[in-house]
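Everything below concerns the one structure shown next.
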Amino acid sequence: MTLDVHAQTVGEGGWVGISIPRVEDAALLAGRGRFIDDLGMPPGTLHAAILRSPHAHATIESIRTDAARAMPGVAAILTGTELRALTTSLVVGVKAPVECWPMAIDRVRYVGEPVAVAVATDRYLAEDALDAIEVSYAPLPAVVAPLDALRDGAPLLHEGFPGNIASDRSFSYGDPDGAFASAPHRIGVDVDYPRNACTPIETYGVVAEYDPALDAYDVLANFQGPFSIHAVIARALRVPGNRLRLRTPPDSGGSFGVKQGIFPYIVLIAVAARLAGRPVKWIEDRMEHLAGAVSATNRVTRLQAAVAEDGRILALDWDQIEDCGAHLRAPEPATLYRMHGNMTGAYAIRNLRIRNRVVVTNKLPTGLNRGFGGPQIYFPLERLISRIAATLGLDPLAVVRRNLVPADAFPYRTATGALLDSGDYRAALDVALRDGDHESLLARRAAARVEGRLYGIGYAAVVEPSVSNMGYITTVLTAAERRRAGPKNGAQATATITLDPVGSVSVHVASVPQGQGHRTVLSQVVADVFGLRPSDIRVVTELDTAKDAWSIASGNYASRFAPAVAGAAQIAATRLRERLARIAAAQLNARADELVFSAGKVFSPGNPGNAIPFTRLAATGHWAPATLPEEVEQSLRETVFWTPPQLDAPNDADEVNSSLCHGFIFDFCGVEVDRDTGEIRLDRYVTMHDCGRILHPGMVAGQITGGFAHALGAALLEEQSYAPDGSLLTGTLADYLIPTAREVPEPVILHYETPSPFTPLGAKGVGEGNTMSTPVCIANAVADALGLADIRLPLLPSRLSEALHGAEPQPPHHEARPPQATQGERTLFGRGRASVDATPEQLWAMLLDPALLARVVPGADNVRRESDTRFRAEVTLGIGPVRGRYRAEIALSDLDPPRAVTLSGSVDGALGFGRGRGRLRLVPVGQARTELTYDYEAAVGGKIASIGGRLLDGAARVVIGQFFESLAVQASGRRPSLWRRLLRLFRRRA
Amino acid sequence: MSRQAPAVLDAGQRHPVRFTLNGRKAGGEAEPRMLLHDFLRHVLGATGTHVGCEHGICGACTVQIDGAPARACLTLAVQADGAEIRTVEGLALAPDRLSALQEAFRAHHGLQCGFCTPGILMSLDALLRERPDCGEAEIRETLSGHLCRCTGYTPIVKAALAAAEALRVPHHA
Ligand code: FES
Ligand code: FES
């Protein structure tokens, strides 16, 4: 790493630019963090647990809660009915007659959607209560893939979104038709970008309280902003903004955008508190998080380019189909529009056509995730560059260079309206190739290929936007709709500096850090302004909307801290210093503008001996306000609201400066693919960043290594996958794979600084860039290694070995019959035999007797006979980490007494559902023995389908084995020990 | 582990649980189903141990039970009766003096949000005690039982290597 160089580029003696130890760390390292679940709660606080849908799409026919309400410790049960009575639907970001509730009302649309909330004196009891809530669902066909959602006759999610389309907008900039008509080449890529999520290690947490006297809510949540969502929550709770106090805890265990998505749960828990009449706390668990928090969007993109002979791109044609999941939650469809200004990436392309469609599917709703829209556009764009090079026989670097925005063009207005603030992309690229030793990678590739190994090199050039324009989202509306709605724009940042009676300095910002060390950086920035040490400055970053200065743009997103928030703090400190200087000028007989603030003193440069201690000066406003010069007014507190003037609302031509700053990233890497296994080894990864001025090199490095690890996960491992029926297949961290220290190598980090002219400190955002550049850089390298034109993330070894060796033949099925399961549900097959010391007639009688059935069905109780051949039961089953209660229905058919019977059954519970049928044959052996043979097939879906097939198969075999074991025991009165052997035998045969 | 839990525990009842926590006697009552992390955090108020998944994957809940790292989320409180338990709260040399490992994390920016950190520290603390000469590969191997979403691991590996070095040269510690 070459960070030290940059530490020296900072002003003499300044703290900014130096990697000082973080003030946050001592407490966190000693176990004294103050995360939401660590804080004391008001006495009497109750705990909530949430019942979630096991179905991707179903009508809720009834919810029975009486049994749950009667359980010990249970204070309230909240269902859609109460929710609708006490709240209003969440606002939806497009103009359409649809509702968006934080919990299902009448219908569930994704696995994991909340269906009921149980509130009890502790979490264990609340979860017990969930088991007793009886929901009856009528399943509906589900749609999972965005292209399927667009097909005629696809299951419709919302009547207000005909054809499952929430928005369909087309844009044209320059003369794309002319460019495509005259260009010698048209080159394109088709991309199906997968879903993933940033999964912070701390999950969501909310503590809510309702005051009926004031009709006011008080909420503590590890929400991260943007605080535009405060308005969304207040509106849903039907209170004015001043009746919703929203506070954040001092520490938050990571977010990466994800904790924006907590807001529907804030509404839910707030209503639960109102219903229960007591404070209610909810801490999300990991399985809830994976199924029900928030995901990044998956997107299907067709990108075409009109290309000149020399590789120059004359026009782009984007067709994007964005999948926002089951509901369009605020601020979606923002993922699709955040990049609208920079749809041409780092390139000077003047002609552009864009069609943007937003579809809904039966999957988890989407929202903020690190990179937010960047990975989805840069994957096609940078794959396209690589395809242009391959198609025209050019060096990819030559294609990149030919198209980069030239250095003399900054600030550069892109075709779609972004104002790229600063940069020298070609120079940065050259430095990266030189310092990253590109030559040696070329040599390694050549050497590897001589040996017949699969080695490839990939590149990616990316513009990383930061500090979002709050108005970019309105680009989804037509110009006429925007005129009616009124302008929306800007990116206001706030900061307050306070001086206390002993002259010490406090800083308060509304940046809501999630681990990025904001307190440390602000102490550096403010220390520099006042000539103090960072340790003299106390920084408070938890937010309280009832007391603090904030705006809708407040919060921790769009990489806005260093460029916007730190800048606002600097401006506030500078204004306060000016006031103090006027006070000091009177005392020192000097001009205010020449005074120096240094080493805790204030003095005139001509007379450093005559200095006033900073603390004394700073305390003056408290102790002797009457002595202040008139124009100073007060010197106790300064609050700044900083709004960059460059962020206008979208204009009538749909041009929008979607972000204030635009960093530049150029990455390249070498990978080797194992020919046998398809496994990828990352040989070297070089990432060059222009993030403007660097305020704290250690933290910038941490943002880059952290973003790189997220990106590596997205490239190699992570996908939130759903079966075609909408069952979630990645419901635990054993199934949703996150890279560990073994998979993440150290990247080579380089910097090329061009300070932003638009931000007070010259800084730009840096935290998200690698999630945009790295996945496609690795994909380009793998494509180069394997000579592939088409490549899909994540780059699983199985996918690559399929590309290398062709698809693996299906294992020969021991069952000839086609499965009856809907495609995509987990299907289990089995057969077996057992021999029982009883006659077929005795066994037959048992099968028709509920009391006996209760004894032989594992975990069953309360078996009720509905008719001669239909039974209902309640069954408790544990599969892996998931233990739950199910309602079972068992029916006997095709009766051929006492020789054969078909048993079909279904189970349904909070954790999922299953159905199966099996044929049982009884053949007498001698006088008092029966040979019992069976075969079955079963399909399961819902939460239990997401915990891994092997566990499930194993559990099913055990359960079925137990059934026959107890049947035999009941029939023969023998001890089970004898049956163990048979059981083993049967397992082997099954 | 040499604890004598009563042969049969009543599911609906609370049972006394006593152990040593960071060198001091600690105790309370727990239903048999209560997990150790809930007992530590919500019964004893030792909130330094974090919970990230409750199914044994993320490592955030790692504590030391009788000297060996263990997942508190896969341990019942009643199982810990009689044990010697060490958590992140027990690592510092004094309230204002961090251990060599903690100091190394601070110096190398081995943490950002700090949520994964307590578990990682407990695993590394045990590793450095057992294998003072461990190198990067072994450190990465140990770390692979933990998930960190903030740092990308690079600074954690550096911190661990620096701590190993500092502990080998005692006057640095
Ligand atoms: S909380 Fe125990 S391993 Fe994740
Ligand atoms: S520091 Fe945040 S998860 Fe590791």
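Protein chains get the first letters and strands the later ones, always in sequence-line order, with residue 1 at the start of each.
If you measure heavy-atom distances from B/Asp38 to chain A, the contacts under 4.5 Å come from the side chain alone. Contacts between A/Glu202 and chain B at a heavy-atom distance below 4.5 Å involve backbone atoms as well as side-chain atoms. Contacts of A/Ile283 with chain B are absent, with no heavy-atom separation under 4.5 Å from either backbone or side chain. Contacts of B/Ile120 with chain A are absent, with no heavy-atom separation under 4.5 Å from either backbone or side chain. At a 4.5 Å heavy-atom cutoff, the contact between B/Arg41 and chain A is made by side-chain atoms alone. Both the backbone and the side chain of A/Tyr124 come within contact range of chain B, each with at least one heavy atom under 4.5 Å from a heavy atom of that chain. Contacts between A/Glu743 and chain B at a heavy-atom distance below 4.5 Å are absent for every atom of the residue. Contact of A/Thr199 with chain B is made through backbone and side chain together, with heavy-atom distances under 4.5 Å. With a 4.5 Å cut-off on non-hydrogen atoms, A/Asn770 does not touch chain B at all. Both the backbone and the side chain of A/Asp38 come within contact range of chain B, with heavy atoms under 4.5 Å apart. Within the 4.5 angstrom heavy-atom criterion, no atom of B/Ala107 approaches chain A.
A donor atom on one side chain and an acceptor atom on the other are found under 3.5 Å apart for B/Ser123 and B/His146. A/Glu746 and A/Thr705 are not linked by any side-chain donor-acceptor pair at a separation below 3.5 angstrom, with hydrogens and angles left out of the test. Of the N and O atoms on the side chains of A/Ser559 and A/Glu768, at least one donor lies less than 3.5 Å from an acceptor on the other residue.
With hydrogens and angles ignored, the 3.5 Å screen pairs no side-chain donor or acceptor of A/Asp735 with any backbone N or O of A/Thr730. For the pair B/Arg140 (side chain) and B/Gly135 (backbone), a donor-acceptor distance under 3.5 Å is absent. Remark: side-chain polar atoms of A/Tyr685 are not paired, donor with acceptor, to backbone N or O of A/Asp667 under 3.5 angstrom.
The greatest number of non-hydrogen atom pairs below 4.5 Å with chain B, out of A/Gly707, A/Cys198, A/Pro200, A/Gly767, is found for A/Cys198. Listed options B/Cys148, B/Gly114, B/Ser144 were ranked by heavy-atom pairs under 4.5 angstrom with chain A; first place goes to B/Ser144. Your options are A/Ala26, A/Ala30, A/Pro513, A/Ser252, and the one with the most heavy-atom pairs under 4.5 Å with chain B is A/Ala30. Options B/Pro95, B/Cys53, B/Gly45 differ in how many heavy-atom pairs under 4.5 Å they form with chain A, and the most are formed by B/Cys53. Counting heavy-atom pairs closer than 4.5 Å to chain A, the top-ranked of the candidates B/Gly152, B/Gly52, B/Cys113, B/Ser99 is B/Cys113. For chain B, the option among A/Ile704, A/Asp25, A/Leu29, A/Leu28 with the highest count of heavy-atom pairs below 4.5 Å is A/Leu29. For the set B/His108, B/His42, B/Glu103, the entry with the most heavy-atom pairs within less than 4.5 Å of chain A is B/His42. Looking only at heavy-atom pairs under 4.5 Å with chain B, the residue among A/Ala741, A/Ala709, A/Gly31, A/Ala734 that has the most is A/Ala741. Interface check for chain A: of the options B/Leu111, B/Leu98, B/Leu147, the most heavy-atom pairs under 4.5 Å are formed by B/Leu111.
Using cut-offs of 30° and 60° on the angle between ring planes, the pair A/Phe561 and A/His518 is parallel. Ring-plane geometry between B/His50 and B/Phe115 is classed as parallel, the angle between the planes falling under 30 degrees on a 0 to 90 degree scale with a further cut at 60.
A salt bridge links B/Arg86 with B/Asp125: the closest approach of a Lys/Arg side-chain nitrogen to an acidic carboxylate oxygen falls below 4.0 angstrom.
Applying the salt bridge (Lys or Arg N to Asp or Glu O under 4.0 Å) definition to pairs two or more places apart or across chains, those involving residues 23-32 of chain B are B/Glu31-B/Arg33.
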Legend entry - CA sep, side-chain torsions, deciding dist, call: A/Lys281, A/Asp37, salt bridge (Lys or Arg N to Asp or Glu O under 4.0 Å): CA-CA 9 Å; A/Lys281 173 176 175 175; A/Asp37 196 28; 2.6 Å; yes
Inset, instruction - Determine, step by step, whether A/Glu718 and B/Arg149 satisfy the salt bridge (Lys or Arg N to Asp or Glu O under 4.0 Å) criterion, reporting the C-alpha distance in whole Å, the side-chain angles of both residues, the deciding distance to 0.1 Å, and the verdict. - result: CA-CA 13 Å; A/Glu718 293 178 35; B/Arg149 274 306 223 181; 2.9 Å; yes
